Amino acid sequence: MELELEPLRLPADNVRPFVIAGPCSAETEEQVITTAHELKNKGCHNFRAGVWKPRTKPGGFEGNGEKALPWLQRVKQETGMLVATEVATPEHVELCLKYGIDILWVGARTTANPFAVQALADSLRGVDVPVFVKNPVNPDLELWIGALERLNQAGVKRMGAIHRGFSSYDKKIYRNAPQWQIPIELRRRNPQLPIICDPSHIGGRRELIAPLCQQAMDLGADGLIVESHCDPDKAWSDAKQQVTPDVLDYILSLLVIRDETVTTEGITQLRHQIDELDNQLMDLLAKRMRVCREIGQYKKEHNMTVLQTNRYNEILEKRGAQGVLCGMGAEFVAQVFEHIHEESVRQQMEIINK
C-alpha cells in the first residue's frame, strides 16, 4: 500500500539538516528550560523530551508524565521552538493535544505491537499533527510499514519514520545495530516518506553520535533526532548517549551534506559498470544453481541427505577467508553464502521430493 502523505512543514535551517534535539527525559523544569534555551541559542528549531519513559526493567526513572507537559509549553512560549514527545497510549495523545504538543512520535516498543498502534491511530483520527514512527525493536520492515499504514489510514498525513537501530542478543559496538539496509528498503518502497536517524539510540555512547550522524547523511537521511542534555553525565536516563548543546552544535557544524541529485558523466559510467557486474553475478548464480540441481539429482539417485553439514561449514570458512583477503567483511560474505546455500537446499529438496 502506498502511503498518502502531505509535507511535514517543520522548521529547519537552510545549511543544516532537519534536527529534533533535547534530553532523553524531562527530569525537572529547570533542566528542561535550561537545555531548551541552550539549544535555541545554537539554532535549534525543534525540541524533544520524554515525558513517559517506561524502562526495560521496572525500578528506574519512568518519566514525570502530565506534570512535565507544562514545562514543554513553557519551552514553546519562551523559545518559539516546536516541542515533541513520545506517546504510547490514547491517554498520552489526549494529554499532548490538551497541552499543545506540536510533534508526536511512536516508540520502538509500541511500533512492535499492532494493537497499541491501532489504538493510537484511532485516537489520532481527525487530528492534524505530525507523527513520527520509530522502527520496531526487532528488524521487521513489514511491522514498521504496518504501523505507518495504520496511522495513515486513520487520516494522519504528515508522517515520518525514525531509524533508531535494532536490538540484538549479540551486543557489539552499537547499542542497537543500524542494519542500514532496512531503512534503505523503506525509502525504496516509500520514496516520499521522510526518514530521520536517531544516532543516540543506535550508538548508545556519545562518542559514536558524530560518525553515525555523518553516515546517516551519506545514506540520504532527511534529518536527525539527537538526545541533548545541559548536564548529560547527571541525566536520569540514558546518560551515556546524550551530549551537551555545545557538542551537538559542533557535531552538526562538521557534517558534510552531499547533493544526491547531482549526477556527473563519471558516476553514470561507473553505474553502468555496476549494472554489468550485477548481470554477471546473476548469470553466475544461475549457473551455480544449475550445478546444485544436478547434485540434488545425484543425491536422490544415491539416497543421500540434502544437507551435508561438513561441506556447508567448509564453504562458509573458505569463502569467509577469501572475502577478507578481497577487502570484504567475513560476516558479509558468510551472510551471502548462507542465503546461496539456503536457495541451493530449497532447489535440491524440490528435486528429491518429486
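Remember, it's a predicted structure, so these values are computed and weren't measured experimentally.
Around CD of Glu142, the count of heavy atoms belonging to other residues, nucleotides or ligands within 6.0 Å exceeds 12. Atom CD of Glu2 is surrounded by 12 or fewer heavy atoms from other residues, nucleotides or ligands within 6.0 Å. Counting heavy atoms of neighbouring residues, nucleotides and ligands inside a 6.0 Å radius, atom CE of Met328 exceeds 12 of them. A 6.0 Å sphere centred on CD of Glu314 holds more than 12 heavy atoms belonging to other residues, nucleotides or ligands. By the 6.0 Å contact criterion, CD on Glu78 is enclosed, its count of non-hydrogen atoms from other residues, nucleotides or ligands being greater than 12. Annotation for Asn353: atom CG counts as buried by contact number, over 12 foreign heavy atoms lying within 6.0 Å.
Side chain to side chain, Thr28 and Glu30 fail the donor-acceptor criterion of an N or O pair below 3.5 Å. Between the side chains of Asp218 and Gln214, at least one donor N or O sits under 3.5 Å from an acceptor N or O. When only modelled atom types and interatomic distance are considered, Glu149 and Gln153 share no side-chain donor-acceptor pair under 3.5 Å. Checked by atom type, the side-chain pair Gln348/Arg293 shows no donor-acceptor distance below 3.5 Å. Asn313 and Glu317 share no side-chain donor-acceptor pair at under 3.5 Å. Defined by atom type and a distance below 3.5 Å, a donor-acceptor pair is missing between the side-chain atoms of Gln73 and Gln77.
Ring geometry for Phe166 against His163 counts as tilted: the plane angle lies between 30° and 60°, on a 0 to 90° scale.
Note that NE2 of His339 is 6.0 Å distant from CD of Gln335, once rounded to the nearest 0.5 Å. For the atom pair Glu338 CD and Ile340 CD1, the distance stands at 10.5 Å (nearest 0.5 Å). Interatomic distance, Trp144 CH2 to Asn135 CG, rounded to the nearest 0.5 Å: 4.5 Å.
A distance-only check finds a donor-acceptor pair linking the side chain of Asn279 to the backbone of Asp275 [under 3.5 Å]. Of the possible donor and acceptor atoms, none in the side chain of Trp105 sits under 3.5 Å from a partner among the backbone N and O of Ala161. The backbone N or O of Val19 sits nowhere less than 3.5 Å from a side-chain atom of His45 that would complete a donor-acceptor pair. Side-chain atoms of Thr85 come within 3.5 Å of backbone atoms of Val51 as a donor-acceptor pair (strictly under, hydrogens ignored). The backbone N or O of Val106 sits nowhere less than 3.5 Å from a side-chain atom of Thr110 that would complete a donor-acceptor pair. With Gln31 contributing its side chain and Glu27 its backbone, the two residues share a donor-acceptor pair below 3.5 Å. Side-chain atoms of Asp238 never come within 3.5 Å of backbone atoms of Cys24 as a donor-acceptor pair (strictly under, hydrogens ignored). Distance alone, capped at 3.5 Å, places no donor-acceptor pair between the Asp13 side chain and the Phe18 backbone. A side-chain donor-acceptor contact under 3.5 Å links Asn46 to the backbone of Pro11. Side-chain atoms of Ser25 do not come within 3.5 Å of backbone N or O of Gly50 as any donor-acceptor pair.
Side-chain contact between Pro17 and Ile257 is present, with at least one heavy-atom pair separated by less than 4.5 Å. Residues Leu212 and Tyr174 form a side-chain contact, since some pair of their non-hydrogen atoms from C-beta on lies under 4.5 Å apart. Two residues are said to be in side-chain contact when any heavy atoms from C-beta on lie closer than 4.5 Å; Leu82 and Pro130 fail this criterion.
Here the shortest heavy-atom pairing between Arg164 and Ser167 reads NH1-OG, 4.2 Å. Of all heavy-atom pairs between Met81 and Asp102, the closest is O-OD2, 4.4 Å.
Ring-centre distance between Trp236 and Phe61: below the 6.0 Å cut-off.
A salt bridge links Arg189 to Glu185: one of the charged nitrogens lies within less than 4.0 Å of a carboxylate oxygen. With respect to Glu66 and Lys98, a salt bridge is recorded, a charged nitrogen being found less than 4.0 Å from a carboxylate O.
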From CA spacing to verdict: side-chain hydrogen bond (donor to acceptor under 3.5 Å, both in side chains), Arg206, Gln242 = CA-CA 6 Å; Arg206 59 180 64 111; Gln242 300 190 65; over 6 Å; no

Acceptor/donor pairs from residues 284-292 side chains to any protein atom, 3.5 angstrom cut, sequence neighbours excluded:
unit_1	atom_1	unit_2	atom_2	d
Lys287	NZ	Asp283	OD2	3.3
Arg288	NH1	Ser344	OG	3.4

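For Lys157, the salt bridge (Lys or Arg N to Asp or Glu O under 4.0 Å) partners are Glu4, not counting sequence neighbours.
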